[in-house]
Structure formats: C-alpha cells, structure tokens
Amino acid sequence: MDTWKQGHDMMVIRYPYIPVGRAMLYVGEDNIFMQAARDVALQYSLDKKQKVGAVIVCDQVLVGRGVNGCDYHEHHGCERMRLGIPTGQGYDLCEGCHPKNHAERTAITHAQANGHDMRGAAMYLWGHWWACEPCWDAIISAGITHLYLLEKSEILFNPADKGTIIGR
C-alpha cells in the first residue's frame, strides 16, 4: 500500500507503508539517540549494501538496540530481487530480507530479552526512510509510541532518490 504523508519540512513524502494513526517523526543528526542508532548500524549491521540501526529509548534511557542483516544474501542472493518483488513486499519469501532481520525487530527483541517494558518508548531508526508493515506491527505491539527518522532520510536512504548516500 502506498501512503502519502506530509513530511517534516512541509513536503509530501510517499511512504511505501504507514499505519493509520501513526506518523514518521524527524530529528537532526545532532540528536544523541539518532547518533546512537547510526553508530550501532555502522558498527554491527551485517548488510553490506544498506546498514540500518535502531535504538529504543524509554525515559531518556537506551533500553534496546538492533541492526539489519544476515549473511544469507552473500551466499544465496536475494529471492525477492530474482522475482522482481517491489520494496515493502514479500519479505517472507527471502531469508535475508525476512523481518526478523530488520533493525526495528532486532532492537525490540534485544529490549525484551533484557526485561524492558517498552510502553511509551521511542524508537530511533538510522539508515532507512520508512518502516515496513511487519516492523510497524512489532513496534505497535511492543507499545512503542514514536518512530523517529533522520531529517532528509527520504532522500539520503532511499535507493530510488538521486540524492541517496547508499553505496557511496
């Protein structure tokens, strides 16, 4: 489902998915939690093409962190790409793309494993410009109320945009 939402600087951003009643929020690169998400992505992500990191913050305390990726694509390629499946769809068809390997889900799993209650928490996502439906479902189910992206992420981390920094 394609969804249009008004972005942070009054421009319209076309997200591949966003649940009803939710919004993408934006912070600058000087935000300490966005910096933490960036650092986690750059240090630990297993994805060679697009490193993504997420941190969960509750009462100004970082309670969970996660990254995207696994080594499946290195050994087997991507089933979704072979089948020509568009972004945001068919993640379950490829082990490497499966939502269990997304930064949002791994951050939630990390926080849960350490016994943290995420109700009312915020998630900061660096390296991507939207969250897929399975990740939104996990975010909502965990009780996380806000999802923050880096300002201009719809350009910086969108492979379809000519201003992207992916692969550079």
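Bear in mind that the values here come from a model prediction, so they are computed numbers and not experimental data.
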* Asked: Can you pull the side-chain hydrogen bond (donor to acceptor under 3.5 Å, both in side chains) pairs that have at least one residue in residues 122-143, sequence neighbours excluded?
  ->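 Qualifying pairs: none.
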Roughly how far apart are [X] [atom1] and [Y] [atom2], rounded to 0.5 Å?
X: I155; Y: T164; atom1: CD1; atom2: OG1; answer: 10.0 Å
X: Y15; Y: L149; atom1: OH; atom2: CG; answer: 6.5 Å
X: L156; Y: E154; atom1: CG; atom2: CD; answer: 7.5 Å
X: R82; Y: H76; atom1: CZ; atom2: NE2; answer: 9.5 Å
X: H146; Y: Y148; atom1: NE2; atom2: OH; answer: 5.0 Å

* E95 vs H75, side chain to side chain contact (heavy atoms under 4.5 Å, CB included): CA-CA, chis, key distance, verdict -> CA-CA 11 Å; E95 181 63 25; H75 302 289; over 6 Å; no
Name every donor-acceptor pair, under 3.5 Å, that has one atom in a side chain of residues 103-117 and the other anywhere in the protein, sequence neighbours excluded.
| from | atom 1 | to | atom 2 | distance (Å) |
| --- | --- | --- | --- | --- |
| T106 | OG1 | V67 | N | 2.9 |
| T106 | OG1 | V67 | O | 2.9 |
| T106 | OG1 | H102 | O | 3.4 |
| T106 | OG1 | A103 | O | 3.2 |
| T109 | OG1 | R105 | O | 3.0 |
| H110 | ND1 | R65 | N | 3.1 |
| H110 | NE2 | N114 | ND2 | 3.3 |
| N114 | ND2 | H110 | O | 2.9 |
| D117 | OD1 | R119 | N | 3.0 |
| D117 | OD1 | R119 | NE | 3.0 |
| D117 | OD2 | R119 | NE | 3.0 |
| D117 | OD2 | R119 | NH2 | 2.5 |

Distance-only donor-acceptor pairs under 3.5 Å for side chains of residues 37-46, two or more places apart:
| from | atom 1 | to | atom 2 | distance (Å) |
| --- | --- | --- | --- | --- |
| S45 | OG | D47 | N | 3.2 |
| S45 | OG | N68 | O | 3.2 |
| S45 | OG | N68 | OD1 | 2.6 |

* Asked: Hey, is the main chain of C97 close enough, under 3.5 Å, to the side chain of R80 for a donor-acceptor pair?
  ->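 Checking the backbone N and O of C97 against the side chain of R80, no donor-acceptor pair under 3.5 Å is found.
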* Quick check: does any side chain N or O of N158 sit under 3.5 Å from a backbone N or O of A160, one acting as donor and the other as acceptor? ->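 Yes; at least one donor-acceptor contact below 3.5 Å.
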Identify the two heavy atoms, one from [X] and one from [Y], that lie closest to each other, and give their separation to 0.1 Å.
X: M34; Y: L150; answer: CE-N, 3.4 Å
X: I140; Y: P19; answer: CD1-CG, 4.0 Å
X: G127; Y: V52; answer: O-CG2, 3.5 Å

* Is I18 close to M24 at the side-chain level, that is, under 4.5 Å between some pair of heavy atoms? ->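 M24 reaches I18 side chain to side chain.
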* Minimum side-chain heavy-atom gap C132-Y17 below 4.5 Å ->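 No - every pair of side-chain heavy atoms lies 4.5 Å or more apart.
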* **Positive for side-chain contact (heavy atoms from CB on, under 4.5 Å) with I139, one of T145, L125, I144** =>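 Testing each of T145, L125, I144 against I139, the sole residue satisfying side-chain contact (heavy atoms from CB on, under 4.5 Å) is I144.
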* Asked: Who are the side-chain contact (heavy atoms from CB on, under 4.5 Å) partners of C70, not counting sequence neighbours?
  ->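 For C70 the side-chain contact (heavy atoms from CB on, under 4.5 Å) partners, ignoring immediate neighbours, are Y72, N101.
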* ILVMFWY clustering at 4.5 Å (side-chain atoms), partners of I85 ->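 Via sub-4.5 Å side-chain contacts, I85 links to L83, L93.
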* Non-neighbouring partners of K49 that pass side chain to side chain donor-acceptor pair (under 3.5 Å), sequence neighbours left out ->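 Here no residue qualifies.
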* Is it true that E29 and K152 make a salt bridge, defined as a side-chain N closer than 4.0 Å to a carboxylate O? ->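 K152 and E29: not salt-bridged.
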